[in-house]
There are 2 protein chains.
Amino acid sequence: MCEANAYLLKDGQEEMVFENVDRLQFQEGGLLLEDIFGRRLILNARIKELALVDHKIILEEIDNE
Amino acid sequence: MCEANAYLLKDGQEEMVFENVDRLQFQEGGLLLEDIFGRRLILNARIKELALVDHKIILEEIDNE
């Protein structure tokens with residue numbers, strides 16, 4: 001399986017927030033992550049970087065602009 | 001290997017633009033994609049959706065706003 005783990009960048013540190021992510025979609029309410037078991041998480045974040053061979057999705061929080 | 005193929009959404013159709021993507025990063029010049037062989041492509045696009053188990057990265061072009 002080619003799922004990845006999602007990390008949120010906080011103060012330069014990567015903090016894992018969600019494992020085994022299969023799907024990711026941008027929605028009005030935020031970034032929707034869905035894992036391989038169908039569990040969902042919505043974050044106010046954007047994708048910063050992907051490293052798929054390392055199974056990593058790096059996210060960063062969206063500041064209120 | 002858990003690379004994915006990148007598709008650009010055009011008129012509702014997915015057109016494959018880059019295969020075997022490992023890394024993806026947002027840069028000032030656009031979205032940088034790097035495949036597992038180190039080849040790179042820069043697109044003026046954003047990520048619309050990921051479906052990692054299906055090895056798909058769906059991109060959409062950024063309109064000049």
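In what follows, chains carry the letters A, B, and so on, assigned in the order in which the sequence lines appear, proteins first and then strands, with residues in each chain numbered from 1. All heavy atoms count here, side chains included; hydrogens, waters and symmetry mates do not.
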Interface moiety of A/Ile36 toward chain B, non-hydrogen atoms closer than 4.5 Å: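 Answer is side chain: those atoms of A/Ile36 sit under 4.5 Å from chain B.
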Among the clusters formed by ILVMFWY side chains lying less than 4.5 Å apart, do B/Leu8 and B/Leu52 turn up in the same one? yes
Chain A shares the most heavy-atom pairs under 4.5 Å, among B/Glu49, B/Lys48, B/Glu3, B/Lys56, with B/Glu49
Considering only heavy atoms and a distance below 4.5 Å, find which of B/Ile58, B/Leu32, B/Ile47 pairs most often with chain A. B/Ile47
Going by side-chain contact (heavy atoms from CB on, under 4.5 Å), A/Leu50 matches just one of B/Val21, B/Leu24, B/Leu33. Which one? B/Leu24
CD (B/Gln27) with more than 12 external heavy atoms under 6.0 Å: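 Yes, enclosed.
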Heavy-atom closest pair, residues B/Glu61 and B/Arg46: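 Smallest interatomic distance, heavy atoms only, reads O-NH1, 4.2 Å.
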Is it the side chain or the backbone of B/Leu31 that comes within 4.5 Å of chain A heavy atoms, both, or neither?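 No part of B/Leu31 comes within 4.5 Å of chain A.
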Name the option with the most non-hydrogen atom pairs under 4.5 Å to chain B; the candidates are A/Asp22, A/Asp54, A/Val53, A/Ile57.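 The option with the most such pairs is A/Asp22.
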Applying the salt bridge (charged side-chain N to carboxylate O under 4.0 Å, His left out) test to B/Glu34, which of B/Arg40, B/Arg39, B/Arg23 qualifies?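 Result: among B/Arg40, B/Arg39, B/Arg23, B/Arg40 is the only option passing the salt bridge (charged side-chain N to carboxylate O under 4.0 Å, His left out) with B/Glu34.
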